[in-house]
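Hydrogens, waters and symmetry mates play no part in the numbers below; they use all other heavy atoms, side chains included. Order of the sequence lines fixes the chain letters, A, B, ..., with proteins taken first and strands second; residue numbering starts at 1 for each chain.
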2 protein chains.
Amino acid sequence: MKRKKPTIHEVAARAGVGLGTVSRVLNNHPAVRPETRVRVLRAIEELGYTPNPHARRIAGGRSYTVSVLLPFVATEFYRRLIEGVEGVLLEKRYDLALFPILSQARLKRYLESTTLAYLTDGLILASYDLTEHFEGGRLPTDRPVVLVDAKSPRYDSVYLDNHLGGRLAGEYLARFPGAIFAIKVEEEPDKAFRHTVFSERMAGFLEALAAQGRPFPKEHLFVTRLSPEGGRLALRYFLEKASPPLNVFAGADQVALGVLEEAERLGLTPGKEVRVLGFDGHPFAEEVGLSTIAQPVEAMGARAAQLLLERMEGYKGPPREVRFEPLLIERASTATPPSAPYVP
Amino acid sequence: MKRKKPTIHEVAARAGVGLGTVSRVLNNHPAVRPETRVRVLRAIEELGYTPNPHARRIAGGRSYTVSVLLPFVATEFYRRLIEGVEGVLLEKRYDLALFPILSQARLKRYLESTTLAYLTDGLILASYDLTEHFEGGRLPTDRPVVLVDAKSPRYDSVYLDNHLGGRLAGEYLARFPGAIFAIKVEEEPDKAFRHTVFSERMAGFLEALAAQGRPFPKEHLFVTRLSPEGGRLALRYFLEKASPPLNVFAGADQVALGVLEEAERLGLTPGKEVRVLGFDGHPFAEEVGLSTIAQPVEAMGARAAQLLLERMEGYKGPPREVRFEPLLIERASTATPPSAPYVP
DNA sequence: AAGTTTCCATGAAGCGCTTCCACAAGCCAT
DNA sequence: ATGGCTTGTGGAAGCGCTTCATGGAAACTT
């Protein structure tokens, strides 16, 4: 039933080559003649051979694994981020270990644990505010670290310019007739994560309105958690303040979705009586025709992985910053602009 | 700086014993004289030795690792579950690999991957509906599997009697004056997970009301997602249907929290004008004085781990079912019962 | 033509552990 | 005392891989 797995020896025998050659083929070492490489690859294929990662780790003295620490929050953002990271790592025959941060205690335990020491050559930390939680903003590890969706003077950082995204939103919505409203997503109560992204978005948004000379009364802002129901509550609140048409910057697609739902329930036409603009570029935004400020999340993940691999291969330069720019995608939820098609 | 880690050889030398003896101490093998064991343990302590898990895995031919597959949803439920699992595994020197199921595609890829083959001796699958997604409700793996927060005729299952929990809720709330309302948490849209727990709770709840001869009009039910904002929307909706006092079964603590928030905003006293009963036994329930139907989640996790270890050690019996019972915890949100203290 | 360099390939050594056979020492019953 | 047990202990063998010293053959030199 459970046939023993073939080893590198069998592959070598079958291909009629030495052990070392098989290993070199596996590791993409250049010094292998093309014909030989093909012979080995064929043998691997025929035997259904897969290298034993533990043997590799113990012989190589490395773990060939990158850990991604991320908030234990179910969002498309993290799914896409990991997709991006994984793509790059697979090419280099690296494994990915996901570490959802369920609690502060678990994180610290993990960083001090044997697991990390033996199972990680490098770390990617997502959306996490280091300065809040670690002395000097420095993780207690000697492995290379790259931050994503976060910034730090200590480590390479990959992030989206959320402020710019907010500005795009403001400039765009200001073009429409009707009152302007905004929903701000609340920060995490435990402050574990850097949810300043939402504040940044809002700051950019307000700045853009101010630049256009559009006033924004305080009571046009609604604060809620990251959930569609928050959007529904918000729209009901907004409708007490002004009559349609309304222009709503929802701060996040998840919330925008709720605004759309509630508009439908109330018989208001999206893109006409209620214009909604989200943020994130969530896959469902396309499905429901939600305009949004999209972030290139996969690309951000891939870039983070690249930076980390460079560090793991010995690069020693000062911390690098990679800033990504968001892109406004116009869909039915904001319909067509008043006059000509929108050109920023 | 990065001093080389001590190995089992150094430990053996320092303790003045053989290699095998150190290994035996590490693995709790009985045939070691107590004095010897102490000597070895002291040497380990002094050297700060930690065994290399990869070496262990390759020599032992096993991975000494259990994978927990769980929905990528941030709830206390999963945090507590893992806590319970981990406690049992640590004792047996097993590692825990968390695998948040970000998508169906990822799960299937994972199950067919080398990672699983080399990194897992057993699987714990949480809240996952197998029959929906796998031919014959059987996972494509030869490793032992235990389900938790789910049931299956194929595998050992550990779960809470949600129906009973709902019944407890119904019997309890029926004792109070005022109208009865309930919130049902919506199932996942992608049906990936077995969220029938919420239906079961509601079924038990309605059954209890019926048994007491209490009618429950359809419009007293509000359906929403698992978020506090859902609770807030629900309470506003309920207040359109009846005037206080109201008795609300919220279906989940997270939702109950929103009901409490909104009650406060509207100036209604919890436990008097609005009685709220949650479900889960979330830690914050205690903080905010929320009555709830508590589940022993840690214990469920621990039990699942035990069942799995037994399977991994060769136990061959038919699938086992372990049913846990919830417990009603009375707090300020339902105040004191009308007459005597509540005794079920 | 002989020497030098480059290119490929080999397989032993070694990574840090578990397992298992061998053996020593102590114990008991004869 | 002798022969069996039992209980502890030592260390060689081996897990599947990477690395590296070694060397043969081909491709350049001069």
Main-chain N/O of A/V322 paired to A/R303 side chain as donor or acceptor, under 3.5 Å: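 Absent.
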
Short side-chain to backbone donor-acceptor contact, B/T120 and B/G122, under 3.5 Å: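 Not a single qualifying donor-acceptor pair exists.
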
Pairs meeting criterion salt bridge (charged side-chain N to carboxylate O under 4.0 Å, His left out) with involvement of residues 7-28 of chain B, two or more places apart: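 Matches after skipping sequence neighbours: B/R14-B/E46.
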
Summary of salt bridge (charged side-chain N to carboxylate O under 4.0 Å, His left out) pairs that have at least one residue in residues 95-104 of chain B, sequence neighbours excluded: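 Matches after skipping sequence neighbours: B/R57-B/D95.
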
Please state how far atom [atom1] in [X] lies from atom [atom2] in [N], giving the value in whole angstrom units.
X     : N      : atom1 : atom2 : answer
A/R33 : C/dT6  : CZ    : C1'   : 14 Å
B/I8  : C/dG16 : CD1   : P     : 11 Å
B/H54 : C/dG14 : NE2   : P     : 22 Å
A/N28 : D/dT18 : CG    : P     : 12 Å
B/L47 : C/dG16 : CG    : P     : 14 Å
B/H29 : D/dT7  : NE2   : P     : 11 Å
A/H9  : C/dA12 : NE2   : C1'   : 10 Å
B/K5  : C/dC17 : NZ    : P     : 11 Å

Would you tabulate the pairs of protein nitrogen or oxygen atoms and nucleotide nitrogen or oxygen atoms of nucleotides 22-28 of chain C closer than 3.5 angstrom?
none

Residues forming a salt bridge (Lys or Arg N to Asp or Glu O under 4.0 Å) with A/E310, sequence neighbours excluded: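 Testing A/E310 for salt bridge (Lys or Arg N to Asp or Glu O under 4.0 Å), a comparison that skips the adjacent residues, returns A/R320.
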
Partner residues of A/R323 under the salt bridge (Lys or Arg N to Asp or Glu O under 4.0 Å) criterion, sequence neighbours left out: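 Partners of A/R323 under the salt bridge (Lys or Arg N to Asp or Glu O under 4.0 Å) test: A/D161, A/E325.
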
N/O (side chain, B/R56) to phosphate O (OP1/OP2, C/dT18) under 4.0 Å: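 So the side chain of B/R56 is within the cut-off, an N or O lying under 4.0 Å from OP1 or OP2 of C/dT18.
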
With sequence neighbours excluded, residues passing side chain to side chain contact (heavy atoms under 4.5 Å, CB included) with B/V38: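 Checked B/V38 against side chain to side chain contact (heavy atoms under 4.5 Å, CB included); matches are B/R42.
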
Touch class at under 4.0 angstrom, heavy-atom based, for A/P51 against every strand present: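 Contact class for A/P51: sugar-phosphate only.
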
Of all the nucleotides listed ([options]), which has the minimum atom distance to the side chain of [X]?
X     : options                : result
A/T36 : C/dA9, D/dT18, C/dG16  : C/dA9
A/R93 : D/dT18, C/dC17, C/dA9  : D/dT18
A/Y49 : D/dC17, D/dG16, D/dG10 : D/dC17

Where protein sits on nucleotides 19-26 of chain D, one letter per nucleotide: B base, S sugar-phosphate only, - none, heavy atoms under 4.0 Å: B-------

ring-ring contact (aromatic ring centres under 6.0 Å, His included) contacts in which one or both residues fall within residues 104-124 of chain A, not counting sequence neighbours: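 ring-ring contact (aromatic ring centres under 6.0 Å, His included) check on residues 104-124 of chain A returns A/F99-A/Y110.
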
5' priority, DNA chain D, between B/Y118 and B/G18 [closest heavy atom]: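 So the residue in question is B/G18.
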
With A/Y64 via side chain to side chain donor-acceptor pair (under 3.5 Å) - residues at least two apart: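 Here the qualifying residues are A/R62.
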
